[in-house]
Amino acid sequence: MKLNPRQQQAVTYISGPLLVLAGAGSGKTRVITEKIAHLIRRCDYKPKDIAAVTFTNKAAREMKERIHQTLGRPACRGLRVSTFHTLGLDIIRREIATLGMKPGFSLFDDQDSLALLKALTDDEMDVDKAWLKMAVSKISNWKNDMLSADQVLRTATGDDQIFAEVYEQYQRHLRAYNALDFDDLILLPTLLLRDNTKVRERWQKRIRYLLVDEYQDTNTSQYQLVKLLVGERARFTVVGDDDQSIYSWRGAQPKNLALLKEDFPQLEVIKLEQNYRSMERILKCANILIDNNPHLFVKRLFSDLGYGDPLRVMFGRNEENEAERVVAEIVRERFLKRTRYGDYAILYRGNHQARVFEKALMNNRIPYKMTGGQSFFARAEIKDIMAYLRLLVNPDDDNAFLRIINLPRRGIGPHNLERIGDLANQQQVSLFAACQIQGLNTLLSPQAYHSVHSFVELIQRTARKAAEPGVQSVGAIRDLIQFIQYEEWLFETSPSPAAAEMRMKNVNELYRWVSDMLSDEDDATHDEALSLEQAVNKLMLRDMLSRQEEEDDGDQVQLMTLHASKGLEFPYVFMVGMEEGLLPHQSSIDENNIEEERRLAYVGITRAQQRLTFTLARERRQYGETMRPEPSRFLAELPQDDVQWEDKQPKITHEEKQQRTADNIAALRNRLRSKD
DNA sequence: GCGATGCCGATTTTT
DNA sequence: TCGGCATCGC
């Protein structure tokens with residue numbers, strides 16, 4: 001298929017900064033892919049001159065795949081397609097000396113950060129979990145806004161003073177552990193590029209053309225990174241849609257779209273408004289709904305896929321009935337229209353809403369897939385093995401140490417651990433280092449000391465072997481897993497042998513990934529063999545997660561949050577729980593942040609290709625109380641001629657009823673006939 | 001190591 | 001109110 005004129009324009013405009021306002025379903029990934037191909041084929045750019053940045057690993061992988069399809073694999077060698085965080089990690093790795101960091105650093109995930117903060121505050125003050133979570137998010141927000149602990153300390157007032165002090169402590173300890181958190185992966189390169197002209201010029205030369213996907217989701221430090229990378233030359237394309245900005249709660253600054261125009265006055269803006277996904281009526285409703293938000297750029301989606309059925313609004317007596325009706329509707333439609341389960345998606349505001357739908361689907365033996373439940377990396381066995389790997393790479397990683405020092409059981413209990421901890425504190429070294437201090441034997445029982453000693457030996461021995469290239473390092477990890485008898489441990493601790501097998505399968509999966517990454521086989525995931533350190537850090541960035549999910553993408557009804565649905569499309573969509581308090585969510589109503597909720601509704605609506613059904617419950621139990629929720633205001637904002645409210649539907653006549661029955665029987669006949 | 005009991009939380013979540 | 005979890009006691 002040919003590109004439309006606007007898409008063509010977006011692909012070929014390369015003489016200056018370009019903002020592509022890409023409406024939902026307007027083929028933006030195609031534009032990015034074609035543009036990269038164009039740059040390489042026609043514009044004298046080499047693959048290694050170009051970087052394309054996305055937010056998720058999944059998006060990065062998909063984009064890479066599509067470029068490979070267009071250009072052929074060999075022609076793409078050196079092309080950078082990665083997430084912001086991977087790009088940041090790359091910069092840090094290459095500039096590690098300038099940053100004054102030791103090689104072999106660890107990446108802390110949220111739980112590690114939380115654990116560190118807990119440890120920091122434990123003896124000082126009495127704080128609860130909510131406070132710690134608040135602290136994590138405050139620190140994260142400060143980092144995303146590029147505020148150092150010093151800066152915050154100077155300006156903070158009230159409660160923020162304490163948080164700022166904790167922030168400073170937290171940073172100091174991260175340094176001591178030679179660890180970085182996710183936000184650092186953006187912040188550090190940004191600061192480095194800002195303050196170091198040489199490094200900045202080096203990277204500006206290295207990345208001659210930059211493309212950014214989902215630009216509306218960038219936060220302050222990400223935008224600054226973009227600005228520093230493109231420099232004065234300003235050769236870049238950012239693609240985004242302000243109407244699909246639904247992540248401001250985690251620091252995304254949709255105002256970065258406006259900022260772009262200020263910072264680059266020569267900015268060219270191209271709008272992609274033709275939609276290749278949905279029927280016209282769905283788009284009309286989406287357009288009218290989003291018109292209620294103020295806009296920097298006006299945009300109007302259209303399509304030539306036909307007008308389509310009216311949108312429906314269905315009521316359930318209560319939330320169970322709502323779910324049952326949705327499921328019944330799916331069963332009925334699948335039968336009549338001979339569609340697949342995979343054609344249906346149920347979208348909701350909050351994960352907790354999924355439960356009743358899961359139940360209803362299960363009762364009807366309908367296969368379904370829930371996106372966003374417990375992830376592979378949240379599983380205990382994966383975290384265990386990851387902790388071993390992290391400790392191999394960075395022995396000063398106390399969180400990793402604590403997780404596995406007594407796993408499997410080595411007879412090192414809390415008592416002995418406390419002794420080690422005291423020593424570490426007193427000497428200002430990591431726990432692993434404390435284990436090697438002369439005189440530890442006087443503090444611990446002989447058996448415990450012996451265990452600690454052989455643990456240290458094991459880690460050091462394995463780390464040495466793992467540092468050797470290729471086959472050696474892979475073997476070292478296999479030996480480690482065997483040596484600690486992890487499989488036996490799983491069988492001991494799992495409720496059933498079947499569960500243990502399942503978990504061991506996960507471990508083997510992880511092992512396979514690591515060994516793939518360490519050996520330089522040229523498969524689709526990478527271009528070169530990685531060091532163990534690189535592999536571990538990459539895994540901490542969850543690179544494999546989405547690939548695993550793709551594997552069992554059979555014929556299943558899709559269940560996910562509205563947030564998770566962004567970027568996806570389905571022939572038949574149910575948006576459930578369309579009630580005031582749920583969508584818009586109560587807390588957004590309280591904070592007067594209706595616009596983001598409206599964008600969320602907009603994202604949901606524009607997922608649907610053929611048919612869209614809203615559902616709500618007349619009665620809903622919440623925190624033990626039974627509520628009678630109002631229909632969502634967003635339903636009232638839709639053009640009512642295009643919406644069929646179930647309760648306002650005229651009663652069907654006797655003839656219509658007979659006709660329907662006849663239709664159903666005809667459909668059944670057709671189906672039976674074509675089966676044999 | 002497992003079941004009972006008690007307590008907390010209840011928006012969205014990637015990296 | 002309900003479910004997940006963490007901790008406690010056996």
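Each chain gets a letter, A, B and so on, in the order its sequence line appears, and its residues count up from 1.
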**Student:** Mark yes or no: Arg250(A) above the aromatic ring of Tyr247(A), with NZ or CZ under 6.0 Å from the six-membered ring centre and no more than 45 degrees from the axis.
**Tutor:**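 Here Arg250(A) passes the 6.0 Å and 45° test against Tyr247(A).
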
**Student:** Please measure how far the C1' atom in dC5(C) lies from the corresponding atom in dT12(B), and state the result in whole Å.
**Tutor:**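 Comparing C1' positions in dC5(C) and dT12(B) gives a spacing of 22 Å.
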
**Student:** Send over the distance from Glu597(A) CD to dT11(B) P, rounded to a whole Å.
**Tutor:**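 Atom CD in Glu597(A) sits about 11 Å away from atom P in dT11(B).
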
**Student:** Between Tyr623(A) (OH) and dC2(C) (P), how many Å, whole number?
**Tutor:**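 Between P of dC2(C) and OH of Tyr623(A): 15 Å.
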
**Student:** Using a cut-off of 4.0 Å on non-hydrogen atoms, how would the nucleic acid contact of Thr56(A) be classed: base, sugar-phosphate, or nothing?
**Tutor:**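 Sugar-phosphate only.
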
**Student:** I'd like to know if Arg621(A) reaches the base of dT1(C) with its side chain such that a donor and an acceptor end up less than 3.5 angstrom apart.
**Tutor:**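 No, the side chain and the base share no sub-3.5 Å donor-acceptor pair.
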
**Student:** Do Asp183(A) and Ser140(A) have side-chain N/O donor and acceptor atoms under 3.5 Å apart?
**Tutor:**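 Yes - a donor-acceptor pair under 3.5 Å links their side chains.
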
**Student:** Given dT15(B), dT13(B), dG3(C), which nucleotide is nearest the side-chain atoms of Asn351(A)?
**Tutor:**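 Output: dT13(B).
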
**Student:** Output yes if the stacking criterion (under 5.5 Å between centres, under 30° between planes) is met for His585(A) over the base of dT11(B), else no.
**Tutor:**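 Stacking is present between dT11(B) and His585(A), given that their ring centres fall under 5.5 Å apart and the planes under 30°.
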
**Student:** Paired with dA6(C) by Watson-Crick or G-U wobble geometry, both distances under 3.5 Å: which nucleotide is it?
**Tutor:**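 When the pairing criteria are applied, dT5(B) turns out to be the nucleotide that pairs with dA6(C).
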
**Student:** Heavy atoms under 4.0 Å, any strand shown: does Arg599(A) hit a base, just sugar-phosphate, or nothing?
**Tutor:**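 Here Arg599(A) touches no strand at all.
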
**Student:** Assuming nearest nucleotide by heavy-atom distance, tell me which of Ala130(A) and Glu596(A) is located more 5' along DNA chain B.
**Tutor:**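 Closer to the 5' end of DNA chain B: Ala130(A).
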
**Student:** How close or far is atom C1' of dT15(B) from atom CG of Asn219(A), stated in whole angstroms?
**Tutor:**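 That distance rounds to 11 Å.
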
**Student:** Which one, dG1(B), dT12(B), dT15(B), comes nearest to the side chain of Leu541(A)?
**Tutor:**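 Among the listed nucleotides, the one closest to the side chain of Leu541(A) is dT15(B).
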
**Student:** May I have the distance from Lys566(A) (atom NZ) to dT12(B) (atom P), rounded to whole angstrom?
**Tutor:**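 So the NZ-P distance, Lys566(A) to dT12(B), works out to 17 Å.
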
**Student:** Do we see a donor-acceptor contact under 3.5 Å between the side chains of Tyr602(A) and Gln244(A)?
**Tutor:**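 Result is no, nothing qualifies.
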
**Student:** Starting from C1' on dT15(B), measure out to CH2 on Trp249(A) and report it in whole angstrom.
**Tutor:**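 After rounding, the reported distance stands at 12 Å.
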
**Student:** Let me know the distance between CD of Glu625(A) and P of dC2(C), rounded to the nearest Å.
**Tutor:**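 Glu625(A) atom CD is separated from dC2(C) atom P by 13 Å.
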
**Student:** Give one of base, sugar-phosphate or nothing for Asp110(A), where a contact means two heavy atoms less than 4.0 Å apart.
**Tutor:**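 Result for Asp110(A) = base.
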
**Student:** Around Arg206(A), counting heavy atoms of other residues, nucleotides and ligands shown, do more than 12 lie under 6.0 Å from its CZ?
**Tutor:**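 Yes, because the 6.0 Å sphere around CZ of Arg206(A) holds more than 12 heavy atoms from other groups.
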
**Student:** Could one point to a donor on the side chain of Ser587(A) or the base of dT11(B) with an acceptor on the other under 3.5 Å away?
**Tutor:**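 Indeed, a donor on one side and an acceptor on the other fall under 3.5 Å apart.
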
**Student:** What interatomic distance, in whole Å, is found between P of dT11(B) and the corresponding atom of dG4(C)?
**Tutor:**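 Looking at atom P only, dG4(C) and dT11(B) are 16 Å apart.
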
**Student:** In whole Å, I'd like the distance from the CG atom of Asp217(A) to the P atom of dT13(B).
**Tutor:**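 Those two atoms, CG and P, are 13 Å apart.
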
**Student:** Run Arg349(A) and Glu597(A) through salt bridge (charged side-chain N to carboxylate O under 4.0 Å, His left out) and show every step you take.
**Tutor:** CA-CA 9 Å; Arg349(A) 175 71 234 257; Glu597(A) 298 286 313; 2.6 Å; yes

**Student:** Measure from CG on Asn593(A) to C1' on dT11(B) and round the result to the nearest Å.
**Tutor:**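 In whole Å, dT11(B) C1' and Asn593(A) CG are 12 Å from each other.
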
**Student:** Quick check: any donor-acceptor pair below 3.5 Å linking the side-chain of Arg250(A) to the base of dT13(B)?
**Tutor:**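 Absent.
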
**Student:** Taking the side chain of Thr561(A) as heavy atoms from C-beta outward, which of dG1(B), dT13(B), dG9(B) is closest to it?
**Tutor:**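 Selected nucleotide: dT13(B).
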
**Student:** Could you check whether Glu596(A) pairs with Arg599(A) (Lys NZ or Arg NE/NH1/NH2 to Asp/Glu carboxylate O, under 4.0 Å)?
**Tutor:**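 Salt bridge: yes.
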
